[in-house]
Each structure stands twice: as structure tokens, then as C-alpha cells.
Protein chains: 2
Amino acid sequence: MPTPLTRARIVAAAIDLIEREGADAISMRRIAADLGVGVMSLYNHVPNKAALLDAVAESVYSRIEFTDDPSAEWTARVRVQARAFRQIAHHYPRSTMVVVSRQLRSPAGLLPVEHALATLRQAGFDGEDAVRMLRTFIAYIIGSLLREVGVTPTFAPVPGQDHTPHADPALFPEVHGLASLLGECDHEEAFEYGLDMLIRAAVVRLQEVKEARAAGEAGAGGGVKGRGDAAVAGSGGNGSARG
Amino acid sequence: MPTPLTRARIVAAAIDLIEREGADAISMRRIAADLGVGVMSLYNHVPNKAALLDAVAESVYSRIEFTDDPSAEWTARVRVQARAFRQIAHHYPRSTMVVVSRQLRSPAGLLPVEHALATLRQAGFDGEDAVRMLRTFIAYIIGSLLREVGVTPTFAPVPGQDHTPHADPALFPEVHGLASLLGECDHEEAFEYGLDMLIRAAVVRLQEVKEARAAGEAGAGGGVKGRGDAAVAGSGGNGSARG
DNA sequence: AGACTGACACGTACGCTGTACGTACGTCAA
DNA sequence: TTGACGTACGTACAGCGTACGTGTCAGTCT
């Protein structure tokens, strides 16, 4: 055996196999065969299949490349980070479903979070807003990825396929009238559209917060559960300097 | 055999089983056993397991209840529809992962789409904006559902579990400082927060479109790809705030 | 040197899976 | 009566994850 069996080699082989034959085709036996080893040898490095898939998710996730430019406008930085996240769907399309299907709790997932939070904090959001906003962005990105890989699992533009819905015009007038728009989907453009919406909303929110802060320090607390949109004015006492 | 085997009965049994024992526990043999029939009898009504899971997804999806009030403000109607969508995660938490994992192409999925498009069109959006906006909302909702069912698959608030991330303060200062916020997550509130962001952005967008229309019929279509970040005319506009 | 120990590759085996196929038994049409 | 047909069912097969035992080798202690 020239190269020793390794957890990293196993994960790499798994990703390779998923990308070649799809997530359903993965099995411990196939991975072992691809590596030229016996099945049970894998279990010396990975406790079970679920853990292996977790490792696959973590590995793919950790390959997100951030080219953060701290001097750029915060909106641009948020945009760049969101796009970087989405890139995994292009580099590892068939593994993406595995990634989004299992939540990962590991340091690998913390770095993007750290970046995003830092960006939002520097923009002027307090901790609560930053966390909630991050969650909103992540939810949107994950949902977008899911649609992308669901519709085109391989990202190969299947030519013969027709997604145009044909609906009874009487029952579904809107769907019928917009069938051509619903049938096609430029994922890139769709993603940017929603991303624009979120970023614009974030800009509005930031302005709101700043106005509230300027108006006075009165209403502290910023009711988490409170339904009042404006007048959050949290900030007070938050010592976490964060330049 | 009192009641004859039926596709509907099979699907119902499958959903039941998933909710009782989780999506991983599902198998044709278990379903057949629950129904008190032989395994192969299922195949008289369902071509294969994948089709059965598709049917499960469709069934769950079709149970979304819309209580649309056409007289309400469009922002409120959008909010209601989004919440209705999210409700499936509460009624069928463990099936939700099945729903979001497979894209469904059936009439069952068209009714919510029809409702949403009609609402957006009535608000004043053109077809393109309505479709793109709908996709944005769906992506956000799906992503939110995925986090909800991922973190708490059974919606039973696991007491012993601690999701608080413990990160090296030097490497991850933000994550460390906001650990308590990151550790807990009120899904309800998180969902509403992002939903608010999207609805506000939609309000801004609508205003933009209307102004463009009023200004003249010249630049039709509106800069879909336009990158203009700022100048969104913040605080005004939102009439539906939430009161 | 000899003995012991741990890590690791591997084979076998068990219970489980989805489902192709053949069979048996109903009800209807001719 | 006869045949066709739909449906329930049993058997069988290939493949799955993985528990368990066995063999080999490197390193360490006496």
C-alpha cells in the first residue's frame, strides 16, 4: 500500500464519488472499492457512515473561499460573502444536498460566521441584529442552494427537460399567464435578486437603528420578542469593542 | 381485509411512520407491517420508494392552509401566506425534511404559487418581479424550515442539549462575544425577523417600480440587474409595519 | 532477545434494505 | 364456462451498514 488510508483520503474519495455518481450512489463498499481497500478498513478512521457524511459536509463547507476586502462598503462585503457561500453549489453541486441536509457543528463552520458577524458589526449593527440578520441571510442562501441543486442536480443544463408548468387557466390564471417565467430560472439572476432585496432591507434597518440611537438612549433592551419594528436602540453597555 | 389498500392509505401510513420514528426509519417493510399487509402489495399502488416519498412530500405540502383575506393589505397577506407555509414544520416536523429535500412538480404545489402570485400582482408588481420575489420568499422559507428541523428534528425542546458554540476568543472574537445569542434560537422570532426584512424590501421595491412607472414609460422593466445599493428611501413607506 | 501492546487492514457474517418475479385468488366480460 | 385482469402475497436476490474476530506489523518495555 503506497499511501496509507486516512480519514482525509476517505472523505476525498467520498466527495469524488458523490460528484461522479450522485449522493444516492454512495456506500461504504463503493468508497472502499474506489480506494482499493477492504470495507471494514474505513471504520478504523470513521466511526460510521453518518459521521463520514458529516465530514463530507464539513470538508465541502470549509472550502468556501472568502476574499474579504475590509476597505469595501459593508454592503459589498456582505454580497461577496453570500456569493462565496453559493459557490460551493457550483464546485460541488451534488455534494451540496449533503451539506444542506445535515447541520454541522464544528469549527469549520465558524469561520464564515465570524466573518459575517464582524462585517455586520462594523457596519453598525448591534449583536442581536447581527445574529438575526446573519440567520436571515443564511436561510435565504441555503434555500437558494436547495432549489438550484434540486432543479439541476448536476448543473448540466438538461436540454430536453421542460419545467414549464401547464396549468388550467381557469383555476390557475396567474400560473398560466406567467408559465414561461416560471418554467425557466436563471439561478444566478434569481439569487442576486433576492440578495439585493435582503441587502436593501439591511440598509434600511441600519439607518433605522442609527436614527434611534441618535434620538436618545431611552428605550433600551430592544425587545427581542417585541413587535415594535423601530426604536431598538440596543447597544448600550456592549463592551465588545470591535473596532 | 376491512379496508382495501390504497395509495392514500399508504401515504398516510408513511407520514405517520416518519413522524413517529423519523425519516431514516422509513422502509417499505415497516410501512407494510404498519398497514398489516405484505411488502409487495404496496407496489400495486406505488411504483417505488422514491415515488412514495414524492407522494409524501406532495401530501404534506397540500395540507398548507391558506386563510387569505383579499381585503387585507398585501403585505399582511404575504406575511400570512409565508407563515402558513412554515406551519407544516410544526404539524409535520420530521416530514418537513422529506418535503424540502425533493422538489415536487405537481398541481398540489401550484395552488400556493397561484395565491402568492395573485397577491403580488394585485399589489402592483409586474410578472417578472412577482415571480422573482416569490422565489426569494420561498428560498427564505425553505431555508428557515431546514434550520428549524435540523436543529430540533422533533420540535421537542431538548433540555440537556447546549448549542452554544465555544470558540477561541482570539480566533473568533465575534462568535465568542455573541455565543449566548448564537447558542439559542427562537425560531419563531428568527423567522419573523427575516420575513420582515423581505417584506420591507418588497415595499421599497414596489414604491420604486411605481415611481418608475409614473415617471414615464421609457425605461421599462426596471433595472433587474441594477446594482444600486443605497438610496432606498428608508423609513417611509412601510404602512403595514405590523401593529 | 523476547514479550507485550497497540494500530490497522481485512474477511466473514448478520440483519436489514428495495424490488423483480412468480403465484394465487378475487371479480367482471364475453 | 372461460378468459382476462387487478390485487395480495411469498420467495429470492443483490446490495447495504457494521459487529466481531483474526492476522500482520511497528514500537516499547523488561
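Below, read A as the first sequence line, B as the second, and so on, with proteins coming before strands; counting in each chain starts at 1.
When rounded to the nearest whole Å, the span between CG of B:D24 and C1' of C:dT17 equals 13 Å. Taking atom CD1 on A:I31 and atom P on D:dG15, their separation rounds to 17 Å, with Å as the unit.
Here B:Q81 pairs with B:T119 under the side chain to side chain donor-acceptor pair (under 3.5 Å) rule; sequence neighbours left out.
Without hydrogens or angle criteria, A:T136 side chain to A:R132 main chain gives a donor-acceptor distance under 3.5 Å.
Cation-pi geometry between A:R86 and A:F191 is met: under 6.0 angstrom from the ring centre, within 45 degrees of the axis.
Taking only side-chain nitrogens and oxygens, A:S41 never comes nearer than 4.0 Å to OP1 or OP2 of C:dC8. The phosphate of C:dA9 (OP1 or OP2) has a side-chain N or O of A:N44 nearer than 4.0 angstrom. One finds no side-chain N or O of B:H45 lying less than 4.0 angstrom from the OP1 or OP2 phosphate oxygen of D:dG6.
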Are any protein N/O atoms closer than 3.5 Å to N/O atoms in nucleotides 16-23 of chain D? If there are, list each pair with its distance.
| unit_1 | atom_1 | unit_2 | atom_2 | d |
| --- | --- | --- | --- | --- |
| D:dC16 | OP1 | A:S27 | OG | 3.0 |
| D:dG17 | OP1 | A:M28 | N | 3.2 |
| D:dG17 | OP1 | A:K49 | NZ | 3.0 |
| D:dG17 | OP2 | A:M28 | N | 2.9 |
| D:dG17 | N7 | A:R29 | NH1 | 2.4 |
| D:dG17 | O6 | A:R29 | NH2 | 3.0 |
| D:dT18 | OP2 | A:Y43 | OH | 2.8 |
| D:dT18 | OP2 | A:K49 | N | 2.9 |
| D:dT18 | O4 | A:R29 | NH2 | 3.3 |

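A salt bridge between B:E192 and B:R83 is present, with a side-chain N of the basic residue lying under 4.0 Å from a carboxylate O of the acidic one.
Counting only heavy atoms from C-beta outward, the side chains of B:L35 and B:L5 approach each other to under 4.5 Å.
Ring planes of A:F66 and A:H115: perpendicular class, angle over 60° (limits at 30 and 60°).
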